[in-house]
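These figures come from a predicted structure and were not determined experimentally.
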Amino acid sequence: MAEKLGIMVCGHGSRNQNAAREFAVIAEGLRARNPDMPVEYGYLEFCNPVISAGLDSLREQGVTRVLAVPGMLFAAGHAKNDIPSVLNTYQAQNPGMVINYGRELGIDLKMIRAAGDRIQAAVDEANATMGVVDKHDTLLMVVGRGSSDPDANSNATKVMRMLWEGMGFGWGETCYSGVTFPLVEPGLTHAAKLGYKRIIVFPYFLFTGVLVKRIYSYTDEVAARHPEIQFVKASYLNDHPLVLDAFQDRVKEILDGAAVMNCQMCKYREQVLGFEADIGQPQESHHHHVEGIGGGLENCPCKGDCDASCRNEEFCKTHGLPFTPLHSHAEPASLEPVFDYGASTTLGGKYGHLLNASPDAELDAVMNAPSSGKVHAHEHGPNCGCGHDHSHDHRHDHGHDHSHQHGHDHSHDHGHSHTHAPYPHADHPLGPKSMKKS
């Protein structure tokens, strides 16, 4: 039987329905660029369709080989763990389908040019409406998503430097919307002390959503404290043609066999300073409980541009909306490991005796582990060189209270725990702690 190709765009998902609609535009753009291939999309959490539903649609259309592209700017936990885990599970349960996984958008000159266009548009509008400010009197603040992966966080800083140097602003800074530091409010508060007449806040995000709205809200808050400074809010990337071109490049890389992640800086493979406990962590998705539960209602009074407050029972009663609890027990079926190795030394895997061995010894043992012999496996581990465990024993212990208090009476014991190393700087005063208002 002849091979039939299809494209799957894998997104994170958002409670904001407008963000979901914007993500769908990516699939539409790839359909226009690949008229001979079916193109579907799906999300890890909150939104529908979920990734497995998109894969079902491709399978029903006769697709035998899927070119799966992560809809992610940088390779952090979602691109390295969550999406591959979902794809691994699906492929093992559907042996007639081969799934080839591409790489994230990453540091890409097309993406830099698209970002430059968004920033320049904001500069032009500000010059026209608020008066011209010299670029040398302007500070550029690039806001990244924020991750527990230092490589992804450093990529946001690299994007900022390329935009700063390329566009010639007087200064450049980076802050983040969550997880790491500095967060938006302390980052902008610091920037306001540097003496620049204008601060451009550019969310380096693909789509709108709760986080982008939070970034703009904190910008307004800091701006109110500094009326002497022009604060300019630039648009996020959205469906810029160069962004769509970059997605198309990722599809072509899969076909050319050139879809290679940067594993040299991967915290799951190498001893990244401060993240040593992450070496050999299991590759699995952390989104089972919120898979496909949906975000804000499409008929919400805010027209989808919200953080899903319309899923609150009292809110729904007040506005005459149907109430659906924001909770799901969606979970992939049980699945044996594709490869016969349990690489983690810290979690007592089969190579636990290497706990005190050199990192190279552990890595060699993992990379030389024998295949289970199963065919049609989505072999993301050895093929990409990440060197971390791809088993699915679903153990997650985040090092903090992970109880689920949803205000409704049923058990949340799913028969598995969740264990991975906590973010080592979660208590940084300019990071998550700074969100806790006194």
Asks: Using the test salt bridge (charged side-chain N to carboxylate O under 4.0 Å, His left out), find all partners of Glu22 that sit at least two apart in sequence or belong to another chain.
Replies: none

Asks: So which heavy atom on Asn155 is nearest to which on Ile107, and how close?
Replies: O-CD1, 3.5 Å

Asks: Any side-chain to backbone donor/acceptor pair from Thr64 onto Lys4? Under 3.5 Å, distance only.
Replies: yes

Asks: Rounded to the nearest 0.5 Å, how far does NZ of Lys213 lie from OG of Ser177?
Replies: 14.5 Å

Asks: To the nearest 0.5 Å, what is the distance between CD on Gln248 and CG on Leu30?
Replies: 6.0 Å

Asks: Checking the side chain of Ser85 only, and the main-chain atoms of Asp82 only, is there a donor and an acceptor separated by less than 3.5 Å?
Replies: no

Asks: Please confirm whether the backbone N or O of Asp56 pairs with a side-chain atom of Tyr90, one donor and one acceptor, at under 3.5 Å?
Replies: yes

Asks: For the residue pair Phe181 and His425, does the interplanar ring angle fall in the parallel (under 30°), tilted (30 to 60°) or perpendicular (over 60°) class?
Replies: perpendicular

Asks: Within the distance-only criterion (no hydrogens, no angle test), does the side chain of Asn100 pair as donor or acceptor with the backbone N or O of Leu67 below 3.5 angstrom?
Replies: no

Asks: Can a donor-acceptor pair be found, under 3.5 Å and without considering hydrogens, that links the side chain of Tyr216 to the backbone of Val201?
Replies: no

Asks: Can you tell me if CD on Glu125 sees more than 12 non-hydrogen neighbours from other groups inside 6.0 Å?
Replies: no

Asks: Please confirm whether the ring centroid of Tyr204 lies under 6.0 Å from the ring centroid of Phe74.
Replies: yes

Asks: Give the minimum heavy-atom separation between Leu206 and Phe247, together with the two atoms involved.
Replies: CD1-CZ, 4.3 Å

Asks: Here's a test for you: under side-chain contact (heavy atoms from CB on, under 4.5 Å), which of Met160, Lys158, Met141 qualifies with Thr174?
Replies: Met160

Asks: Step through the shown structure and confirm whether more than 12 heavy atoms of other residues, nucleotides or ligands are within 6.0 Å of NZ on Lys233.
Replies: yes

Asks: Tell me if the NZ atom of Lys252 is crowded by more than 12 foreign heavy atoms within 6.0 Å.
Replies: no

Asks: Report the distance from atom CG of Leu211 to atom CZ of Arg214, rounding to the nearest 0.5 Å.
Replies: 5.0 Å

Asks: Which value, rounded to the nearest 0.5 Å, describes the distance between Leu188 atom CG and Thr219 atom OG1?
Replies: 5.0 Å

Asks: Could you tell me whether the side chains of Thr189 and Tyr218 share a donor-acceptor contact shorter than 3.5 Å?
Replies: no

Asks: Under 3.5 Å, is there a donor-acceptor pair between the Ser217 and Glu221 side chains?
Replies: no

